Visitor: 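A single structure is presented below for examination.
Indexing begins at 1, ligand by ligand and atom by atom, following the structure's order. Keep in mind it's a predicted model, so treat the numbers as computed, not measured.
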Amino acid sequence: MHFCFLYLCFSYFSFLVQEICENPEFIIGGANRTDICQGDLGDCWFLAAIACLTLNEKLLFRVIPPDQSFTENYAGIFHFQFWRYGDWIDVIIDDCLPTFNNQLVFTKSSQRNEFWSALLEKAYAKLHGSYEALKGGNTTEAMEDFTGGVTEFYEIKDAPKDLFKIMKKAFERGSLIGCSIDAIVPAQFETRMASGLVKGHAYSVTGVEETTFKAEKVKLVRLRNPWGQVEWNGSWSDNSKEWNIIDKSENARLQHQIKEDGEFWMSFDDFMKNFTKLEICNLTADALESDRLQTWTVSVNEGRWVRGCSAGGCRNFPDTYWTNPQYRLKLLEEDDDPDDNEIVCSFLVALMQKNRRKDRKMGANLYTIGFAIYEVTVVQMHGNKQHLQKDFFLYNASKDRCKSYINMREVSQRFRLPPSEYVIIPSTYEPHQEGEFILRVFSEKRNVSE
Ligand SMILES: *[C@@H]1O[C@H](CO)[C@@H](O)[C@H](O)[C@H]1NC(C)=O
Ligand SMILES: *[C@@H]1O[C@H](CO)[C@@H](O)[C@H](O)[C@H]1NC(C)=O
Ligand SMILES: *[C@@H]1O[C@H](CO)[C@@H](O)[C@H](O)[C@H]1NC(C)=O
Ligand SMILES: *[C@@H]1O[C@H](CO)[C@@H](O)[C@H](O)[C@H]1NC(C)=O
Ligand SMILES: CC(=O)N[C@H]1CO[C@H](CO)[C@@H](O)[C@@H]1O
Ligand SMILES: CC(=O)N[C@H]1CO[C@H](CO)[C@@H](O)[C@@H]1O
């Protein structure tokens, strides 16, 4: 027997994979979303993101280098790759996994001798400091760590009218999509409702389709519960009568299966009524080398808020606001948008706070963060190249800003502004809060940011 209490805060035993089963394999028959079954850890957000990832082999194999096995060149270690604040980093782990009664305690595959999902979870736990640190989170966070993409989330009740179109387009482009039903009180976390849906729990969207039902078009979405079981049991669910009415060929096209595997279809209307949050992670050039995404340019800027120096808080604190880090953005060219007579530049700003999950054991929580964008004249730019001063912010209103300051790891938003020179001010809501961040600016055309 072999103990290793590596990053564990739980009193589970850890066993080498070989001691759990005789013929362990890394991946059996491809890495599928069915290989992910949640264990005793509240990390459904991470698992929902992996399930989305398995839909795109190219992305998956970037995170999980596939040339690893328990037989050939086996050395007792495995490695995985995650996107971390602008870079891809390699995380190496040994194959000692937490078990209880000879069963894996956390994530496991539905096949007893397949281990890629459990090992990936361990590597992710190492990245964040411990398994404990993975408790609770938003799916977008893991999606970004797997792709370097940029995410946005929608409150479904306030979502744009063309949400289905957005989802379909995003899905076709290979974006990762997750959804959940808010639990109002913590006691409702992961509680199962009569509909078969689970509150306070992350699902992955694994299909977005339309079909014809009784001569009418219906919009459908396919979802997956990372538990690998417990499914919706309303219309369009595995056993529902709708499937007997539509064409056989449609059954096949939509891969309808009656199987307790956590995956099910539901109508988009029911989805809208029952779910509260939708998260989309769009891939950037960093995730895919595909040509159509090359038109986006990204600039990554690192920075920090330091107490008494650059931790200025939001605009409500005029005495310190101006001390926040400032990033210049020069929007040079207009988009080639033929439908548009106005000259505007479309760009996206994403502000991510670093290390808060890792430092949680030291009492760190996510800060409430956001940013604003100010236009500056050329004189201001060159006359005082160092830093815009207090007066500037007293007399000039921002041109645009993020919708709200929010306590998420990342706040992102798309903007359309005329070509000019701007300054982006990232800040925490309250002043004097210390932290590090990265600010990414994605634009469809060349821009300059410093
Ligand atoms: C998840 O998102 C909600 C907002 O929808 C936010 O309040 C919460 O802090 C986020 N949690 C994490 C761990 O990012
Ligand atoms: C993601 O892609 C969708 C669909 O293509 C688009 O509507 C949305 O604005 C994009 N969001 C971000 C944050 O890039
Ligand atoms: C759906 O599932 C839940 C829990 O499994 C059960 O209580 C409920 O009766 C089911 N509803 C229908 C319509 O089958
Ligand atoms: C979920 O959808 C079903 C079917 O449309 C509906 O009857 C039910 O009220 C919805 N649940 C919620 C919480 O809105
Ligand atoms: C059950 C299932 O969906 N198996 C699929 C797993 O993934 C491989 C390729 O990645 C497919 O060939 C299998 O059919
Ligand atoms: C663009 C703009 O309105 N700039 C004004 C910002 O405030 C300064 C005072 O600090 C004015 O001189 C600028 O005209």
Visitor: Determine, counting only non-hydrogen atoms of the protein, whether one lies under 4.0 angstrom from atom 11 (N) of ligand 4.
Guide: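 So atom 11 (N) of ligand 4 has protein heavy-atom neighbours under 4.0 Å.
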
Visitor: Suppose we measure from atom 4 (C) of ligand 4 to each protein heavy atom; which comes out shortest, and what is that distance?
Guide: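 Of every protein heavy atom, Asp270 OD1, 3.2 Å lies nearest to atom 4 (C) of ligand 4.
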
Visitor: Identify which one of Phe437, Phe371, Tyr405 satisfies the side-chain contact (heavy atoms from CB on, under 4.5 Å) criterion when paired with Ser427.
Guide: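 Single side-chain contact (heavy atoms from CB on, under 4.5 Å) partner of Ser427 among Phe437, Phe371, Tyr405: Tyr405.
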
Visitor: Whether Asp145 and Arg409 form a salt bridge (side-chain N of Lys/Arg under 4.0 Å from carboxylate O of Asp/Glu) is what I want to check.
Guide: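 Counted as a salt bridge, because a side-chain N and a carboxylate O are separated by less than 4.0 Å.
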
Visitor: When Lys354 is tested against each of Glu302, Glu434, Glu410 for salt bridge (charged side-chain N to carboxylate O under 4.0 Å, His left out), which residue passes?
Guide: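 Among Glu302, Glu434, Glu410, the one that satisfies the salt bridge (charged side-chain N to carboxylate O under 4.0 Å, His left out) with Lys354 is Glu302.
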
Visitor: Can you tell if the side chain of Phe271 reaches within under 4.5 Å of the side chain of Met167, non-hydrogen atoms only?
Guide: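 In contact.
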
Visitor: Which heavy atom of the protein is the closest neighbour of atom 3 (C) of ligand 4, given with residue, atom name and distance?
Guide: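 The closest heavy atom on the protein side is Asn274 ND2, 3.6 Å.
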
Visitor: Provide, to 0.1 Å, the distance between atom 14 (O) of ligand 4 and the closest protein heavy atom, together with that atom's residue and name.
Guide: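 Protein heavy atom at minimum distance: Lys273 O, 3.1 Å.
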
Visitor: Should the pair Asp43-Lys135 be classified as a salt bridge under the 4.0 Å nitrogen-to-oxygen rule?
Guide: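 Judged by the 4.0 Å cut-off on N to carboxylate O distance, Asp43 and Lys135 do not form a salt bridge.
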
Visitor: Could you tell me whether atom 7 (O) of ligand 4 has at least one protein heavy atom nearer than 4.0 Å?
Guide: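 Protein heavy atom within 4.0 Å of atom 7 (O) of ligand 4: absent.
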
